[in-house]
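The figures here come from the full heavy-atom set of this structure, side chains too, leaving out hydrogens, waters and symmetry mates. In listed order, ligands and their atoms are each counted from 1. Small disclaimer: the values here were computed from a predicted structure and weren't measured.
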Amino acid sequence: MTHRVTILPGDGIGPEVMEATLHVLDATGVSFEWDRHESLGAAGLEEYDNALPDHILDSVRENGVALKGPVTTPVGTGFRSVNVELRQRLDLYANVRPCRSLPGLDTPFDNVDLIIFRENTEGLYAGIEDYDEKSEVAEAIARVSRKGSERIIRFCFDYARKNGRKLVTLAHKANILKQTSGMFLSIGENIAKEYDDLAFNDRIIDNMCMQLVARPDEYDCIVTTNLFGDILSDLAAGLVGGLGVVAGANFGDDCAVFEAVHGSAPDIAGQQLANPTALIRTAAMMLEHLGEQTAASAVAEAVEDAYRNGNTLTPDVGGSASTMEFAEDLAQRVAERT
Ligand code: NAI
Ligand code: MG
């Protein structure tokens, strides 16, 4: 069977890590047909006068699966985040970000195994923001709906059950944000009663951050609203080797977009310095989603092997190999397994 997948390389380090990832996917022997689109963000504005052209949304809807690199969002001014808009327009409500320690990497803990479940379509990312010139006051409104909360919390519990996890922690700020976070927490407490095979607790977000950097091994699956999830997943990435190694996926009821946690990293773009591990592990999540379990495991195990061996790692994780040198080594390890 041939899988038709939308490929969105993005910008910054995106094209480099995408090339590396496609090289590794090639080595799995799984049959793919790539439906490739370059015009997202600034490139889309230039070519189509639209940072998120309709034909790209159509392609993802039609294929049901996309593999995406990062897209730069101007800070403070300019167009709205294409990444956020893509998730909202395709109703990709569940952002899943596994953060697991890799062998051979020198990090403060060697037993981290967290999955962050971030609500991906509402909260403070709803895009309701304005500035009143007269009073010189800026406002942003967080929109949290019952439906939006229920579906991400259920998604987390179902995923935890299906994958043999033990504990779900809900992170919130219900002491201060009594309506938005308060509702999210009370919905979580009710849903938790339906899953008596899983342990459940909750943490206020600031304490959650402290807990995670002090004793991450006490946590397992963490479900939270959009902004908290964005921040917690970078924090959790920092625990296991940084943004260069952490995968991610956006799931909706109709389609899925697989993208790493990291951004376009303009500071290292175009120099073969980027670590493609994050997007390669993201591709392993995609293989699993496509039912290609053998290939998914081969890629995941090859990554662990490469880190255990340590000779072909990129600079962000202490090595001196280029993006493509790491990918070549990994492709060989994958080919030996498939
Ligand atoms: P960033 O994730 O791009 O970079 C943060 C730091 O991590 C930088 O020092 C960078 O060099 C390093 N880094 C990130 N990925 C790496 C990799 N694969 N290998 C080695 N080092 C890596 O975050 P930043 O700088 O806050 O954002 C840059 C741009 O990316 C912004 O325009 C932002 O809006 C966008 N962005 C896009 C995302 C997406 O497309 N999903 C997600 C996050 C940010
Ligand atoms: Mg982020």
Side-chain angles (χ1 to χ4, degrees), residues 7-21 24 37-38 40-45 51-52 56 60 66-88 90 92 95-97 99 102 105 116-120 123-125 224-250 257-283 303 307 312-327 330:
I7 296 292
L8 308 169
D11 55 35
I13 59 170
E16 293 166 81
V17 292
M18 185 61 79
E19 191 197 347
T21 302
V24 172
H37 299 273
E38 320 278 341
L40 268 183
L45 268 184
L52 181 55
I56 291 185
V60 183
L67 183 63
K68 176 184 167 296
V71 179
T72 303
T73 309
V75 175
T77 56
F79 60 86
R80 244 192 111 205
S81 165
V82 165
N83 310 305
V84 170
E85 205 183 327
L86 184 78
R87 297 166 192 161
Q88 289 173 345
L90 296 172
L92 302 167
N95 188 188
V96 180
R97 297 176 154 180
C99 298
L102 275 165
L105 267 195
I116 313 285
F117 296 80
R118 165 188 178 190
E119 198 293 318
N120 219 12
L124 263 176
Y125 290 64
T224 189
T225 45
N226 208 335
L227 177 63
F228 296 157
D230 191 6
I231 297 169
L232 280 187
S233 44
D234 273 36
L235 185 154
L239 292 172
V240 297
L243 288 166
V245 301
V246 176
N250 306 288
V257 173
F258 292 83
E259 68 178 326
V261 173
H262 66 73
S264 56
D267 52 335
I268 56 167
Q271 303 167 59
Q272 283 287 306
L273 289 172
N275 189 347
T277 305
L279 193 62
I280 292 167
R281 291 174 116 186
T282 298
V303 168
Y307 276 80
T312 55
L313 304 185
T314 48
D316 59 306
V317 283
S320 57
S322 70
T323 307
M324 245 359 237
E325 279 165 358
F326 176 75
L330 207 60

Reported CG-to-CG distance for the pair Leu273 and Asp267, which is rounded to 0.5 angstrom: 9.0 Å
For atom 44 (C) of ligand 1, the closest protein heavy atom turns out to be Gly263 CA, 3.3 Å
Quick one about Tyr125 and Asn120 (side-chain donor to acceptor, distance below 3.5 Å, no hydrogens or angles considered), yes or no? no
Look at Glu119 together with Arg87 and state whether they make a salt bridge at an N to O cut-off of under 4.0 Å. no
Take every heavy atom of Val17, measure it against each atom of ligand 1, and state whether any distance is under 4.0 Å. no
For ligand 1, find out whether one of its N or O atoms is nearer than 3.5 Å to an N or O atom of Pro266. no
Under 3.5 Å, N or O to N or O, is Ala265 touching ligand 1 that way? yes
Strictly by modelled atom types, are Asn83 and Lys68 linked by a side-chain donor-acceptor pair under 3.5 Å? yes
How many angstroms lie between CG in Leu330 and OG1 in Thr312, if you round to the nearest 0.5 Å? 7.5 Å
Any N/O pair Ser264/ligand 1 closer than 3.5 Å: yes
Contacting atoms of ligand 1, where contact means under 4.0 angstrom from a heavy atom of Asn275: 17 (C), 18 (N), 19 (N), 20 (C)
Compute the shortest N/O to N/O distance between Pro74 and ligand 1 and return yes if it is under 3.5 Å, no if not. no
With heavy atoms of Ala274 as the reference, note each atom of ligand 1 found under 4.0 Å away. 19 (N)
List the closest protein heavy-atom neighbour of atom 8 (C) of ligand 1: residue, atom name, distance to the nearest 0.1 Å. Asp267 OD2, 3.5 Å
Below a 4.0 angstrom heavy-atom separation, can you tell me which part of Val261, side chain or backbone, both or neither, approaches ligand 1? backbone
Atoms of ligand 1 close to Leu243 [distance to a heavy atom under 4.0 angstrom, numbered from 1]: 2 (O), 5 (C), 7 (O), 14 (C)
Under 4.0 Å between heavy atoms, the region of Ile268 that gets near ligand 1 turns out to be side chain
Any heavy atom of Glu16 sitting closer than 4.0 Å to ligand 1? no
Below 4.0 Å, non-hydrogen atoms only: which portion of Ala278 touches ligand 1? Side chain, backbone, both or neither. neither
Going by the order shown, which atoms of ligand 1 are within less than 4.0 Å of some heavy atom of Gly244? 17 (C), 18 (N), 19 (N)
So is Arg281 actually on top of Phe258's ring, under 6.0 Å and inside 45° of the axis? no
Report the name of the N/O/S atom of Asp230 located nearest to the Mg ion (ligand 2). OD1
